[in-house]
Every structure is written in structure tokens, then in C-alpha cells.
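Have a look at the structure below, then the notes.
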Amino acid sequence: MSKDSKMRATINQKLTEMGERERLKELLRAKLTECGWRDQLKALCKDVIKEKGLEHVTVEDLVVEITPKGRVLVPDSVKKELLQRIRAFLAQHAT
């Protein structure tokens, strides 16, 4: 395991143990709904289904096709806020 992946695992463990990971997920859900991201993804899914036909699309197909687009559509402001909160948490709980 590389040094980077060990650090990620440690950070993830600390976030999970202290309940911060769940709070961050809730914040992310709220922010993505607030900015219209979920509606954009829903529209993209509908477009893919119309294009390929309902009988020819699986959930897995949708995930594969929509995931890269979904990541690009997350507003920078949401990414920055989440990163700031993670950094603040780590600074507060540094061991």
C-alpha cells in the first residue's frame, strides 16, 4: 500500500469514526440538490433512455455513461466547500 493510499485510509477512518463522513455526505446531498445538479443528472438519464430505448438500457449502463458527466457537473463552489470542511476537520483533530 502506497503512502498516499495509507493516508487516505487513515483520513477516511477518522472521518467515519467521528461521524463527520456522514455529516459531509448529507451536506453534499443538500448542496447538489440546491444547485440543481440532481435535476441535471435526472435529465441526462432520461435522454440516454430515450436515445437507446428503455428495453436496451440497464442501471449499470446508465451509471457508466452518466458518472463522468455527473462528476464534471458538480459546481466548483461545492467541491471547495467540502474540501474546506475536510481540512478544518483534520486540522481540529490532528493526532
Side-chain angles (χ1 to χ4, degrees):
M1 188 182 264
S2 73
K3 184 178 178 183
D4 189 47
S5 55
K6 285 180 186 176
M7 186 182 305
R8 285 177 192 241
T10 302
I11 291 169
N12 195 29
Q13 181 181 359
K14 186 167 280 231
L15 288 169
T16 301
E17 285 173 357
M18 303 196 78
E20 188 65 14
R21 183 166 193 217
E22 202 55 42
R23 285 188 287 276
L24 290 170
K25 283 169 58 175
E26 285 303 316
L27 172 70
L28 181 60
R29 279 187 195 102
K31 291 289 183 182
L32 291 175
T33 299
E34 183 181 296
C35 73
W37 180 88
R38 290 182 63 160
D39 293 333
Q40 286 178 301
L41 251 56
K42 192 184 292 185
L44 285 171
C45 287
K46 287 180 180 180
D47 290 346
V48 170
I49 291 168
K50 280 182 187 176
E51 181 184 310
K52 295 185 177 187
L54 183 59
E55 306 80 31
H56 305 292
V57 178
T58 65
V59 172
E60 189 175 317
D61 293 338
L62 279 175
V63 170
V64 167
E65 188 156 341
I66 300 301
T67 298
K69 295 173 185 173
R71 286 188 177 137
V72 169
L73 290 172
V74 175
D76 286 342
S77 61
V78 173
K79 293 176 188 177
K80 286 177 185 174
E81 182 176 352
L82 213 55
L83 188 57
Q84 286 172 343
R85 288 188 182 241
I86 292 169
R87 285 181 176 151
F89 173 84
L90 293 174
Q92 186 178 0
H93 297 91
T95 53

Original post:
Just how far is it from atom CZ of Arg85 to atom CG of Leu24, taken to the nearest 0.5 Å?
Top reply: 7.5 Å

Original post:
What residues join Val64 in its hydrophobic cluster, counting side-chain heavy atom gaps under 4.5 Å, either direct or through other members?
Top reply: none

Subject >> Pairwise distance CG(Asp39) to CG(Leu32) - rounded to 0.5 angstrom >> reply: 11.0 Å

Original post:
Which heavy atom in Arg71 sits nearest to a heavy atom in Lys79, and how many Å separate them?
Top reply: O-NZ, 3.7 Å

**OP:** Show which residues join Leu83 in its hydrophobic cluster (side-chain heavy-atom contacts under 4.5 Å, direct or indirect), or state none.
**Re:** none

Original post:
Rounded to the nearest 0.5 Å, how far does CD1 of Ile11 lie from NZ of Lys6?
Top reply: 14.5 Å

Original post:
Salt-bridged, Glu26 to Arg29, with N to O below 4.0 Å?
Top reply: yes

Subject >> Carboxylate-amine/guanidinium contact Lys80 Asp76, below 4.0 Å >> reply: no

**OP:** Check the hydrophobic clustering (I, L, V, M, F, W, Y; side-chain heavy atoms under 4.5 Å; chains of links allowed) and say if Val63 and Leu41 are grouped together.
**Re:** no

**OP:** With rounding to the nearest 0.5 Å, note down the distance linking CG in Leu82 to CZ in Arg87.
**Re:** 11.5 Å

Side chains of residues 44-54: which donor-acceptor pairs under 3.5 Å do they make with residues two or more places apart or in other chains?
unit_1: Lys52; atom_1: NZ; unit_2: Glu65; atom_2: OE1; d: 3.0

Original post:
With sequence neighbours excluded, what pairs up with Glu17 under the side chain to side chain donor-acceptor pair (under 3.5 Å) test?
Top reply: Gln13

Subject >> CZ on Arg38 to NZ on Lys31, rounded to 0.5 Å >> reply: 15.5 Å

**OP:** Any chance you could measure Met7, atom CE, to Ser2, atom OG, to the nearest 0.5 Å?
**Re:** 9.5 Å

**OP:** Write out all pairs satisfying ring pair (Phe, Tyr, Trp, His ring centres under 6.0 Å) with one or both partners inside residues 46-79, taking only residues at least two apart or from two chains.
**Re:** none

Original post:
Do any pairs count as a ring pair (Phe, Tyr, Trp, His ring centres under 6.0 Å) and have a residue in residues 70-91, sequence neighbours left out, and if so which ones?
Top reply: Phe89-His93

